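All remarks here apply to the structure that follows.
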Amino acid sequence: MQREKINYLLKSDDFGRKIKISGWIRAERGNNYVRFIGLNDGSCLDHIQVVADVEKFEEALLKRFNVGAALSVVGTLKASEGKGQRIEIIADTIEVLGDADPDSYPIQPKKHSLEFLRENAHLRSRTNTFSAIFRVRHALTYAVHKYFHDNGFYAWHSPILTASDAEGAGEMFRVRNFLLEKKKLTFGKTTTWGGLSYQSPTSNQISAVYSNEFKGLFLNVEELIEKHFFNKHKHFFEGLVNFCKQEEQDRLINYETPKSLLWSSPTEIDALSEVWKKYEHTDKLTVAKEINAFFTSEQEKYILDLLGKSMKSNDTVNTINFINNIPITKLCFHNWIPSNLLDDNESVEFFGRKTHLTVSGQLEAELGALGLGKVYTFGPTFRAENSNTTRHLAEFWMIEPEMAFYEIEDNMDLAEDFLKYLIRFALENYADDLAFLDKRFTEENNAKKKEERAEQGLLEKLQSVIETDFVRISYTEAIDILLQSKPHKKGKFQYPVEWGIDLQSEHERFLVEKHFKKPVILSNYPRDIKAFYMKQNEGEEAGKETVRAMDVLCPGIGEIIGGSQREENYEKLKARTDAMGITDELWWYLDTRKFGTVPHSGFGLGFERLVLFVTGMSNIRDVIPFPRTPKNAEF
RNA sequence: UCCUCAGUAGCUCAGCUGGUUAGAGCAUCUGACUGUUAAUCAGAGGGUCGUAGGUUCGAGUCCUACCUGAGGAGCCA
């Protein structure tokens, strides 16, 4: 028998028909005679009510109908006898596909905090709110592709791994193959070497070290050695020294095999421990000398020479050299020193050069547009910024259309039309989910303090966005408005307003939420606060040069789109890349201006910010299934 | 990374200027109830008060450090 979807059944009315459904129990009530089970299969927001006559089922089976369990039900579709739902299913047979122990299943049939559900992100798609959010997210995903396809764009897969770090869009994640590190010891755990166990530092301890004792990351070697090598991890150090002593380089690099060889001589450990005890409270140079005496071979001398040198020096370079020159310390120290300080050696790079995770596919998208006419990318992007806000993620999805023969005004037209289309698509196709989110939004909003409340409901807001024209003003006009605004005159802005500043979020919020009360497109920003590739306006007085940038700001979430017309003039662009010292690296980008250059434009839309806007959620971590933020990559 | 706030039962939270045996609602378990709708009623179990130090005769409460979370800022999408 074929399983039917609940969203379909809830709309049907051919009563008396035998059907089969499967889903998860969302609600369960009843008495000694009859049980009511709310079953949801994710196909829609509502669940369908399954009615089970107690006498038809074994007591042992009935006991397994707990919230969260998965059932497969065969029964008859009927008009409901009770109030609250139109139809229900009188069950003939019920099979428990998967039990959910009520003692340990975390999702209860009650309202959970978003924080709690975030920590249980693997199960949160089983809740009303999150299933609605993710269905809307799907709607928007689909609408993006549909819009572009219908409007003559081609999907363009720009690379995720990139050697260019010139986009200027924030910190990047380094991509490495870690062939060496793969062999390193296990850290943050108790490691047993030759019958002795060592508590190695955890990453938390290490970051604590960086944030406090070594602020700024300029490691004072003496301190490092003293505090961490000796004091805190002396056992580890003892092992380290011994390890250096015994292992040849090849062995070190092929670390997996020789574990059994590591501690062949317990007397050496004892001897070293004695040395250690003697000098525990004396200065480290004495310790170094004493250790020096302990070593005899040429290799040992070499190590000690380096150790001694770096102990006397304060600078990072020497530390790194020291660490890199002793294979085992290199392996160990990779846990203690940010990897970007180590191994800028191209020979160990997988791609033969430094590579990163992309922060933007724009530069490559331009290459596509300057051949295919109109292209768009829709893929993941990565920012290594330590940002902890409700609108930033380390991994997020970005949509970047890029169009040849588009001036800045065409770009704005597209951005506005595109946004409206996406919202309209969601409203038309996922009305139930949005109605639910609207209700939720209103409840949340009413719980807020009066001055923080949004004036419009969610649906009302979305409707107004698709019906009204976005405000379009220049940066200069925006500054004028701000200068004449009440908060500025009363000194309420925390940051001063003057031509040339980058607008702070308090300024943007004032423009969008207080002054215009609708989406605003700002354009023509000062050149000096924008990226190198933006087209420079002509005939402007010195010090007041602007570029054809545009930002679309939306109420509640701020900047949702950032874009520009691109500089298509080879000389002007080269002047900017020269100034930044990236001309050589970007030869291929400049080539597009050398051969058949044309005016072109594009923008980037942060997909999660769009989902935030449409769902009315307030934290970006709740609109992506598994958010990545600093210190969080669970799931 | 900075600022502010928070961390007490499975969840949400109360716990006053330090003072005897740390509480409530929901959830769970047991029992009652012929159609429930966040079911209802009666009872039971459930806690290293984020971690480590410190002050004190005495710390959930005060101090210090760290960890984690939230909100705001910066960076941006």
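This one's a predicted model, so the numbers in the text were calculated from it and none came from an experiment. Every heavy atom of this structure was used, including side-chain atoms; hydrogens, water molecules and symmetry mates were not. First the proteins, then the strands, lettered A, B, ... as listed; each starts at 1.
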Separation between the P atoms of B/rU34 and B/rC16, rounded to whole Å: 46 Å
Mind checking A/Arg26 for me? I need base, sugar-phosphate or nothing, with any heavy atom below 4.0 Å counting as a touch. nothing
On a plain distance test, is the side chain of A/Glu115 in donor-acceptor contact with the base of B/rG71 below 3.5 Å? no
With a 3.5 Å cut-off and heavy atoms only, can you find an N or O donor on one side and an acceptor on the other between the side chain of A/Gln85 and the base of B/rU37? yes
Using a 4.0 Å heavy-atom cut-off, does A/Tyr495 contact any base of the nucleic acid, only the sugar-phosphate backbone, or nothing at all? sugar-phosphate
Which nucleotide in the list B/rG35, B/rC75, B/rC11 gets nearest to the side chain of A/Gln108? B/rC11
NA contact type, A/Ser104, heavy-atom cut-off 4.0 Å: base, sugar-phosphate, or nothing? nothing
Checking all strands, does A/Asn386 fall into the base, sugar-phosphate, or nothing category for heavy-atom contacts under 4.0 angstrom? base
Considering only heavy atoms and no angle criterion, is a donor-acceptor pair shorter than 3.5 Å present between the side chain of A/His112 and the base of B/rC11? no
What stems involve RNA chain B, if each pair must be Watson-Crick or G-U and both of its distances must be under 3.5 Å, with 3 or more such pairs in a row? B:1-7 with B:67-73, B:10-13 with B:23-26, B:28-32 with B:40-44, B:50-54 with B:62-66
With a non-hydrogen cut-off below 4.0 angstrom, is A/Glu55 in contact with a base, only sugar-phosphate, or nothing? nothing
Nearest to side-chain heavy atoms of A/Arg29, which nucleotide of B/rU28, B/rU12, B/rU36: B/rU36
